[in-house]
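Whatever order the structure lists them in is the order used to number ligands and atoms, beginning at 1. Both backbone and side-chain heavy atoms feed into the values below; hydrogens, waters and symmetry mates do not.
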Amino acid sequence: MTTDLRTRALAALAEQTIELPSWAFGNSGTRFKVFGQPGVARDPFEKIEDAAQVHRFTGVAPRVSLHVPWDLVDDFGKLAAHAADLGVSIGAINSNLFQDDDYRLGSLTHPEKRVRDKAIAHHAQCVDVMRATGSTDLKLWLPDGTNYAGQDDLRARQDRLADSLQQVYALLDPGMRLLLEYKFYEPYFYAMDIPDWGTSLLHCLALGEQATVVLDTGHHAPGTNIEFIVMQLLRVGRLGAFDFNSRYYGDDDLIVGSADPFQLFRIMNEIVAADALRPDSGVNFMLDQCHNIEPKIPGQIRSVLNVQEATAKALLVDRDALTAAQQSGDVLAAHGALTDAFSTDVRPLLAELRESTGLDADPYAAYARSGHQERIARERVGGTQASWGA
Ligand code: LRH
Ligand code: MN
């Protein structure tokens, strides 16, 4: 690792930011059980306090994305001010089209105009929240789909979707973005209406420049080469955001990098290769996870560290050697350029970065020593713990 590469890596890592999901600080689980844990946040204000702890110890998590209606409050200006007092800001606003009986057969794709209008109006509410909090990203995951072949006309649903998305897009102020998230299955099991990156991209291209694709790392068929999709979306300038997590089987929403750290590295390698790590690259690096059994704040700290480590390794790829090997057809040397970087222990480099900004070299251990986890377990008694879906 040359000194120059090291210096450039430190400079890039110093600018990296990772956005945290408010819902990671509430209880979550599966259809079998949602577990409670001591000290879990009971409202959006406490969720933001927890997110601010992650930023306090890592220094790279200055934004919190909200989910509507899970994070509804009477005064979003007050919530944004609360965040600012804690040194963080409100990031993307997530709409929710997956918890209303009216949406059983679809929301923006529903055969009935009444239902589509209701789903569009929900996004007008989300845009109002964006105006009140200073958020510029409207994140729309479309949960719509069908369970049986023939249940509905696949093409007619796409046409209705395109029209509904046009109306949502028209709600945006200049400077705002629509982030359109795809998912290949669940909650429907025959056809999702935005099942893959191609379908999301087609709709984004039809909408306009303010529409970009969200790539959730848990939303692909097993064996999908996700970094190829990253490369292609960057190539056409339509990668708007990541929802980082990891999975073994389905949309498991586990800690990013925990299941397949080499995949996360390969993804960040495409980001670095395209110079898309820059804060002004237009790519919002977000986490979308649930800590079903592990403590939430330490889980988010571990997740942020995993993204930082994968990023640092990608920044240490000797790109001159890589390019030379690729162009000379030296297969193993080219692959080796990546695996050498991936095998590099970047923790000393990240420790140096943190200490250079007055942070503890090991945020995870520093948080454990802070006693904050015990304090919230002691203090947060009574009330109802926030929970996925509640
Ligand atoms: C859907 C999803 C989406 C969010 C939800 C919390 O699976 O990835 O990004 O709305 O999780
Ligand atoms: Mn997601």
- Query: Which atoms of ligand 1 are found less than 4.0 Å from any heavy atom of H67?
  - Reply: 4 (C), 6 (C), 10 (O)

- Task: Give a yes or no answer on whether the side chain of N96 reaches the backbone of P69 with a donor-acceptor pair at less than 3.5 Å.
- Result: no

- Message: Please list, in number order, the atoms of ligand 1 under 4.0 Å from a heavy atom of D216.
- Response: 8 (O)

- Item | Whether Y367 and H372 hold their rings parallel, tilted or perpendicular, with breakpoints at 30° and 60° | tilted

- Query: If you measure from each heavy atom of E186 to ligand 1, is any distance below 4.0 Å?
  - Reply: no

- Checking distances from the Mn ion (ligand 2), one finds that the N, O or S atom of D288 closest to it is OD2

- Shortest-distance N/O/S atom, D243 versus the Mn ion (ligand 2): OD2

- Query: Any idea which protein heavy atom is nearest atom 9 (O) of ligand 1, and the distance to it?
  - Reply: E181 OE1, 2.6 Å

- Task: With the Mn ion (ligand 2) as the reference point, give the N/O/S atom of E181 that is nearest.
- Result: OE2

- Item | Pair E309 + R302, salt bridge at N-O below 4.0 Å | yes

- Task: Please could you name the atoms of ligand 1 that D251 approaches to less than 4.0 Å, counting only its heavy atoms?
- Result: 7 (O)

- Query: Under a 4.0 Å N-O cut-off, is there an ion pair linking R104 with D101?
  - Reply: no

- Item | ligand 1 atoms in contact with W23 (distance to a heavy atom under 4.0 Å) | 6 (C)

- Residue that, paired with R160, satisfies salt bridge (charged side-chain N to carboxylate O under 4.0 Å, His left out) out of D193, D144, D152: D152

- Please report which non-hydrogen protein atom sits nearest to atom 6 (C) of ligand 1, along with the residue it belongs to and the distance in Å to one decimal place. W388 CZ2, 3.4 Å

- Task: Kindly confirm or rule out a cation-pi arrangement of K313 over F342, judged by NZ or CZ under 6.0 Å from the six-membered ring centre and within 45° of its axis?
- Result: yes

- Could you tell me which atoms of ligand 1, counted from 1 in the order shown, lie closer than 4.0 angstrom to a heavy atom of D243? 9 (O)

- Item | side chain to side chain contact (heavy atoms under 4.5 Å, CB included) between R177 and T212, worked out | CA-CA 7 Å; R177 303 192 304 169; T212 56; 4.2 Å; yes

- Examine D216 and say whether one of its N/O/S atoms is closer to the Mn ion (ligand 2) than 2.8 Å. yes

- Query: Any cation-pi pair here, K118 with Y103, using under 6.0 Å and within 45°?
  - Reply: yes

- Query: Does D280 CG have over 12 foreign heavy atoms under 6.0 Å away?
  - Reply: yes

- Task: Note the single closest protein heavy atom to atom 11 (O) of ligand 1, along with its residue, its atom name and the distance in Å.
- Result: D288 OD2, 3.2 Å

